[in-house]
Amino acid sequence: MNNITAVKGFKDILPEEAHHWHQVERIVRGVFADFGFQEIHVPILEKTELFTKGIGDTTDIVEKEMYTFRDRGEDSLTLRPEATSSILRAYIEHSMFSRSSVTKLFSIGPMFRRERPQKGRYRQFHQIDVEVLGAEEPQADAELILMLVHLFKMVGLENLSLDINSLGCPECRLIFRQKVIDFLQDTHDSLCPDCQRLLVNNPLRVFDCKNDSCRRLIQDAPSILDFICEGCRCHFNQVRTCLDMFGMPYNLNTRMVRGLDYYTRTTFEITVPHMGSQNAVVGGGRYDGLIRDLGGPDIPGIGFAIGFERLMSLLQDRQESPPPPVLFIAALGSEAQAAAFKLCNRLRLEGIRVEMDYAGKSLKSQMKKADKSGSLYTLILGEREIQAGEGELRDMGSSKQRTVPLDNLKSHIVQ
RNA sequence: GUGGGCGUAGCUCAAAUGGUUAGAGUGCCGGGUUGUGGCCCCGGAGGUCGAGGGUUCAAGUCCCUUCGCUCACCCCA
């Protein structure tokens, strides 16, 4: 087998799976509509600069996971590793902030990260991305989380674990950052090599380490909530009050940090057990300085991304099959075949799902095919039936059969 | 980037210590049976045993190399 295969980590979504995706998308879009979100399509290719500025140039994503190349010797371009940067770029580029004070957007599409593929992790994967731009109020945070949980409920998932935290603003985070460095300095040598490196570049991410010995050290580390400024503390408390108002359970996880540098204040994550370290189905948070950093006005924002493949893997048990055809036409002989071909397509134009076999095989073979397709009815056409302008219509459920006129077939079919 | 597992038919897998023309189930194609289909029966097509090299009279099996897949670490959604 020396055939050309798909690129490593890039997956084909086969028809049955695509159908399941579509079902979930429909539900998701319905929820977004209820909450006043509008869809935006942005390109999958952007100037590299957008991501180094947005995500942060010391993050793993930017450092070693992006698909970056030169466009025929011109600009450095990158296949987007996440959607927020692109959406904000579009928001700024089209001055969408001047249309209304608050803009609610969603987008669904592929992202690209060159990591080693694994269960629940692909190099091309899909995200459902949601952004609220222009709302600083804690209500916006709570509302977004409410919608998220509602969304999961609507697709049939409940009792998932919601973690929330606040990362503070750049000012108070700087103070906390130093506290962490001070705290870990003494135990520096006991940290794993990765964390030793992180301590210099991005000390908060040491909290994310799965290494047991690092975790033990971190247990006694200071909590960020003890160091955030009055404004951030107040904001976060209001978010929590709102969540309580909705009766929404959550874990306060002061060790949760995010892998993208742009996050500020409220962050949240939905995880599911038994998914190893690929357990984050949703990640999100506030990014109040990002629009400004990308060259736009100083407008606050908050959003989240759902890992589509991970979401779908949780739904595996309750997937419906694509709808079967309503009618299968089995034709015998070339004359009947020709008539069936015409009839088949005429009915399709009238909005009925019809299938037939063009190969002109034996009746048995065609009946087998009809049965396999799961069609509700089968119409049997022979030369004799064509002459008479009628056909044998069989109800596949009851096995009852009757002769029906071809020009009025539709009225005999109960869809 | 690091580590483990696995590559035999479209799919799921067999083939004891190396030993004749590499098998089964399922799916596909055809035929028989049947109340024109489901169940059952018969037949057919489909494999360079991932690739390359080595050991041997003899390699799917042993050794080396390589490629691919997969799982975990890492990271993230």
Side-chain angles (χ1 to χ4, degrees), chain A residues 1-11 14 55 58-66 80-84 108-130 148 192-195 197-198 202 205 208-212 214 256-261 263 267-272 275-285 303-314 328 330-332 357 359 361-375 377-382 384-385 391-397 399-401:
Chain A
M1 279 231 268
N2 292 323
N3 296 330
I4 299 173
T5 57
V7 175
K8 189 204 250 312
F10 287 62
K11 287 261 177 292
L14 268 25
I55 301 170
T58 61
T59 56
D60 278 18
I61 293 175
V62 172
E63 271 186 340
K64 47 196 187 196
E65 294 174 2
M66 294 204 305
R80 62 176 184 193
E82 60 114 33
T84 302
I108 303 175
M111 308 296 154
F112 306 86
R113 292 182 199 174
R114 202 184 179 291
E115 303 173 87
R116 194 80 165 259
Q118 199 181 318
K119 195 185 186 73
R121 190 176 80 184
Y122 310 104
R123 290 184 172 184
Q124 182 187 94
F125 61 101
H126 296 74
Q127 286 188 341
I128 301 171
D129 216 80
V130 173
L148 181 57
C192 69
D194 283 339
C195 287
R197 193 178 56 87
L198 281 173
N202 211 335
R205 293 253 315 283
D208 244 357
C209 188
K210 269 95 179 174
N211 189 303
D212 280 344
C214 294
M256 183 179 66
V257 293
R258 314 248 77 246
L260 287 71
D261 281 355
Y263 286 110
T267 57
F268 52 93
E269 201 169 273
I270 288 182
T271 55
V272 289
M275 263 178 84
S277 52
Q278 273 15 84
N279 62 353
V281 182
V282 181
F304 63 76
I306 303 175
F308 208 117
E309 283 84 352
R310 290 182 189 178
L311 171 63
M312 292 309 294
S313 74
L314 298 175
F328 191 98
L332 289 171
D357 178 29
K361 293 184 182 152
S362 69
L363 181 63
K364 171 179 173 165
S365 154
Q366 293 191 58
M367 290 304 285
K368 238 179 180 173
K369 202 163 179 175
D371 189 55
K372 203 178 149 188
S373 76
S375 71
Y377 297 92
T378 301
L379 182 74
I380 298 160
L381 286 179
R384 197 177 59 235
E385 283 82 5
E392 295 288 321
L393 184 69
R394 173 173 303 199
D395 185 320
M396 300 300 268
S399 276
K400 277 183 187 156
Q401 189 169 316

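Using atom C1' as the reference point in both B/U61 and B/C42, the two lie 35 Å apart (nearest Å). Nucleotides B/U20 and B/A59 place their P atoms 11 Å apart, quoted to the nearest Å. Nucleotides B/G7 and B/C11 have their C1' atoms positioned 15 Å apart, rounded to a whole Å. The same atom, P, is picked in B/G68 and in B/G52; the two are 16 Å apart, to the nearest Å. B/C74 and B/U2: their P atoms are spaced 16 Å apart (whole Å). When the P atom is used for both B/C39 and B/U26, the distance is 11 Å, rounded to whole Å. When the P atom is compared between B/C41 and B/G47, the two are found 26 Å apart, to the nearest whole Å.
At the phosphate of B/G68, neither OP1 nor OP2 sits under 4.0 Å from any side-chain N or O atom of A/Thr5. Listed pair A/Lys372 / B/C28 meets the phosphate criterion, a side-chain N or O lying under 4.0 Å from OP1 or OP2.
In this structure, OG1 on A/Thr59 lies 10.0 Å from NZ on A/Lys64, to the nearest 0.5 angstrom. The distance from atom CG of A/Leu381 to atom CD of A/Glu392, rounded to the nearest 0.5 Å, is 9.5 Å. In this structure, CZ on A/Phe304 lies 8.0 Å from CD1 on A/Ile270, to the nearest 0.5 angstrom.
Taking the side chain of A/Lys119 as heavy atoms from C-beta on, and the options B/G37, B/A77, B/C71, the nearest nucleotide is B/C71. Closest to the side chain of A/Asp60, out of B/A77, B/C75, B/G38, is B/C75. Considering only side-chain atoms of A/Gln118, the nucleotide from B/A77, B/C74, B/G3 that sits closest is B/C74.
Looking at A/Arg121, its side chain comes within 3.5 Å of the base of B/C74 through a donor and an acceptor atom. Looking at A/Arg116, its side chain has no donor and acceptor atom pair within 3.5 Å of the base of B/C71. At a cut-off of 3.5 angstrom, the base of B/C71 holds no donor-acceptor pair with the side chain of A/Gln278.
With contacts defined as side-chain heavy-atom distances shorter than 4.5 Å, the pair A/His126/A/Glu309 qualifies.
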Protein-to-nucleotide contact annotation, 5' to 3' order, nucleotides 41-47 of chain B [B base; S sugar-phosphate only; - none; under 4.0 Å, heavy atom]: -------
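Residue-level contact check: A/Lys369 touches neither bases nor backbone, having no heavy atom under 4.0 Å from any strand. Residue A/Gly120 is classed as a base contact, given a heavy-atom separation below 4.0 Å to a base. Across all strands shown, A/Thr378 has no heavy atoms under 4.0 Å from either base or sugar-phosphate atoms. Using a 4.0 Å heavy-atom criterion, one finds that A/Lys8 contacts the sugar-phosphate atoms exclusively. Within the nucleic acid shown, A/Ala370 has no heavy atom closer than 4.0 Å to any nucleic acid atom.
Heavy atoms only, all atoms of each residue included: A/Ser373 and A/Phe328 are closest at OG-CD1, 4.0 Å.
With RNA chain B read from its 5' end, the first of the two nearest nucleotides for A/Lys368 and A/Ser365 is the one closest to A/Ser365. For the pair A/Pro117 and A/Val282, both in contact range of RNA chain B, the more 5′-proximal nearest nucleotide belongs to A/Pro117.
Pairing of B/C76, defined by two Watson-Crick or G-U wobble distances under 3.5 Å, is not identified with any nucleotide. The base-pairing partner of B/A14, taking Watson-Crick or G-U wobble contacts with both distances under 3.5 Å, does not exist among the strands shown.
Take A/Phe308 and apply the ring-ring contact (aromatic ring centres under 6.0 Å, His included) test, not counting sequence neighbours, and it matches A/Trp21.
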